[in-house]
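If you're wondering where the values come from, they're calculated on a predicted model, not measured in any experiment.
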Amino acid sequence: MIENKNISYLRIRPCDSDNEIYLNSRAKEGTSAFTLKPELDIDYKNLLINGFQTISSDIASNSSAWFIDDELINTKINQNSKRLIYRYRGIKENALEIISRYKPAIVLIESLEDIEFFMFLNGTTNFIISKYVNSIDDAIEAVKRGVHDLFLRDWSKDQILELQSKLSIPLYERTILSPLLEVNEARNLLEKTEFTNFLQTRNVRGYKRETTSWYPGSGESIPNLFNFTSETLSDYKASNFDNILKNFQKTENLNEKDLLDLFKTSGKYINQIAELANELTKNVHGNKVTFVKNRNINYTNQCYYKCGFCGFSKGPQSLDLKEKPYTLTPDEVLNRTIEAHKNGASEVCLQGGIHPSYTGDFYIDLVKKIKSELPDMHIHGFTPLEIWQGANTVNKSIEDYLQDLKEAGLGTLPGTAAEILDDRIRKYLCDDKITSSQWGYVMEVAHSLGIKSTATIMFGHIDDLDSWVNHFQLIKNIQIKTNGFTEIVPLPFVHMGSPIFLQGKSMPGPAWDEIVLMHSLARIYFYNTIDNIQASWVKLGHDGAKVLLESGVNDLGGTLINENISRASGANHGQETTDIEFISLINDAGKIPYLRNTLYTSFKNLESVSSENVIKI
Ligand code: SF4
């Protein structure tokens, strides 16, 4: 018997029609894949648009993947091997020829009698052994004998859950093409509609996406949770999962290989990661949960950069989305800051589009203007992109320009414009923006001058798990040198108004479980390095942020007032959370609310505050 570590399954059935009623019924049942009948004239594109993938026996037809049979032994096949499924019919010589020639990703066997032959072959050629199974007993027997992947026809969710509970091995749902194909691979191989379908039917880890009415920025309640997780149809844990967690308890260190393995986790195993993160949060912060009273001022939404994900900018290349172009004058920015100050804000967060008329002097003058009126106001301003562009336009080095900003009164830098710090992904997400190393360089120089910053990660668009690891690693490497990051802020991608999503080129944000994983693993990976992990209520809603207070998060960010950027991408969680709302959210979670300053150096216990009043630190 082979000991499999994780088993995948595909919910597949023959396609009888392409009409909407039929497709809606199949989708409700959970079918994700169709086999195409040659005698029916089915509209393949319509199946894709409705979220299905297909397997065809006709290698010349349009399909997500193809069956290859012994008859094709002498046919030249140009399709990528990951889209080929060899249907074994019992002739070993043919199997040897077909496997060595076409290297199909999957071998579909009919009988368990054949398993030993293919397990033997699998030593030299890599493929997945799949089998149709009709009952729970069938499935258990197939897995016991060494089958890696189950084809399930007309199985209900309850049957799958029962199988999951009876198998001692994690069972996860896949689509025909994912996780077999990675995003960059799929972009190169698939037609436009196929690629859109590929992205929208998977989550970042590659498992089949479960549809829920909740997604980042939706304004809906988060899905029903089993402890911390919502996805029930996909369980996954790396083979060394238990050892990684045990080892962390001993060493308090998580290396990047283990981080990658933990990011793959799905289903109930995520709870173990969240519980560890919660334990670590308590070690550092006890029951204390913080927030800052601040105001966001986005001085312009006009921008000459072309970040594919950005629903906020209204440059010449942008789509006609809901916001109109605007630019605030420095006086208007000052007036908003004065208003915020009167309301008790200790910080203004200044960032915006890169307006074609802005030079580095604009940012310096803005800081001076605010500081001359309100010397105590902390200015948390300007992304590394604004710093890069500002320095360039006044012909200064990054160091000299940052020094000028500091002298003008700049307090800290926001860690935005990071998106995902992996140039493989940035190439398709924000090609003309600064590179990962340029972002890191600005931060390193800022920290060396005593300007601290936050660090963000935007996830759930076209990213992959390697990019999450690379992003974390880059931040940790800088932190080890500078100790200049005050917090990590994971930002789940809000897709609804985002051009890249509207063009069919991105996933619709991360799944809820991935949000739990991201915050929990940020806590674990940055333990002893960066103490504060923040949840973004703008993207998650209050109920989402509250759950994360038990899985690694100790800070809820700012009250904001006039949050524009997420809203422009379609987020519905409002523009402001009042201090009293924060306090009751934190109290409800059984924690103690504290107002903090930007740098986490000054705190005010708000336990006894029970009525709406202006709070200042
Ligand atoms: S993310 Fe920033 S730099 Fe990119 S287009 Fe939007 S406003 Fe411009």
As a quick check of understanding, evaluate side-chain contact (heavy atoms from CB on, under 4.5 Å) for I530 and I475, giving each step before the final call. CA-CA 10 Å; I530 299 175; I475 289 172; 3.9 Å; yes
Show your working on side chain to side chain donor-acceptor pair (under 3.5 Å) between T412 and H378 and close with a plain yes or no. CA-CA 8 Å; T412 44; H378 182 102; 2.7 Å; yes
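The aromatic rings of H519 and F459 stand perpendicular to each other, their planes meeting at an angle above 60°, with 30° marking the opposite boundary. Relative orientation of the W512 and W214 rings is perpendicular, given thresholds of 30° and 60° on the angle between their planes. Ring pair Y207/Y172 is tilted by interplanar angle, where 30° to 60° counts as tilted.
For H461, the ring pair (Phe, Tyr, Trp, His ring centres under 6.0 Å) test picks out F493, with sequence neighbours left out.
A heavy-atom distance below 4.5 Å is not found between the side chains of L595 and D579. Side-chain contact between N240 and K257: present, with at least one pair of heavy atoms (C-beta onward) separated by less than 4.5 Å. By the 4.5 Å heavy-atom criterion applied to side chains, F485 and H447 are counted as neighbours. Put simply, the side chain of L413 does not reach to within 4.5 Å of the side chain of E386, judged on heavy atoms.
Listed for the S520 side chain is no donor-acceptor partner under 3.5 Å among the backbone atoms of L517. Remark: the backbone N or O of Y305 is not paired with any side-chain donor or acceptor of D432 at under 3.5 angstrom. Although no hydrogens or angles enter the test, the distance criterion places no donor-acceptor pair under 3.5 Å between the side chain of T456 and the main chain of P490. The closest donor-acceptor contact from the side chain of K452 to the backbone of N483 lies under 3.5 Å.
Just one residue in the list Y525, F472, Y269 forms a ring-ring contact (aromatic ring centres under 6.0 Å, His included) with F263, and that residue is F472. Under the side-chain hydrogen bond (donor to acceptor under 3.5 Å, both in side chains) rule, D513 has a single partner from S234, S230, S266, which is S230.
The closest side-chain donor-acceptor pair between E347 and T598 falls under 3.5 angstrom. Side chain to side chain, Q389 and Y304 meet the donor-acceptor criterion of an N or O pair below 3.5 Å.
Environment of CD in E191: sparse, with no more than 12 heavy atoms of neighbouring residues, nucleotides or ligands closer than 6.0 Å. Within 6.0 Å of NZ on K433 lie more than 12 heavy atoms contributed by other residues, nucleotides or ligands. For E182, the CD atom sits in a loose shell: 12 or fewer heavy atoms of surrounding residues, nucleotides or ligands are nearer than 6.0 Å.
Between G308 and S498, the shortest heavy-atom contact is O-OG, 4.0 Å.
Identified under the salt bridge (Lys or Arg N to Asp or Glu O under 4.0 Å) test for residues 467-488, with sequence neighbours left out: E444-K481, E487-R596. Legend: salt bridge (Lys or Arg N to Asp or Glu O under 4.0 Å) pairs involving residues 453-472, not counting sequence neighbours, sorted by first then second residue: R424-D464. Note on residues 201-210: pairs passing salt bridge (Lys or Arg N to Asp or Glu O under 4.0 Å), not counting sequence neighbours, are R205-E231, R205-E514. The stretch residues 362-377 participates, sequence neighbours left out, in these side-chain hydrogen bond (donor to acceptor under 3.5 Å, both in side chains) pairs: D331-K369. For residues 411-441, no residue pair satisfies the ring-ring contact (aromatic ring centres under 6.0 Å, His included) rule, not counting sequence neighbours.
At least one cation-pi condition fails for K396 and Y401: the charged atom is not both under 6.0 angstrom from the six-membered ring centre and inside a 45 degree cone around its axis.
Under 4.0 Å is where a charged nitrogen must lie from a carboxylate oxygen, and between K264 and D261 at least one such pair does.
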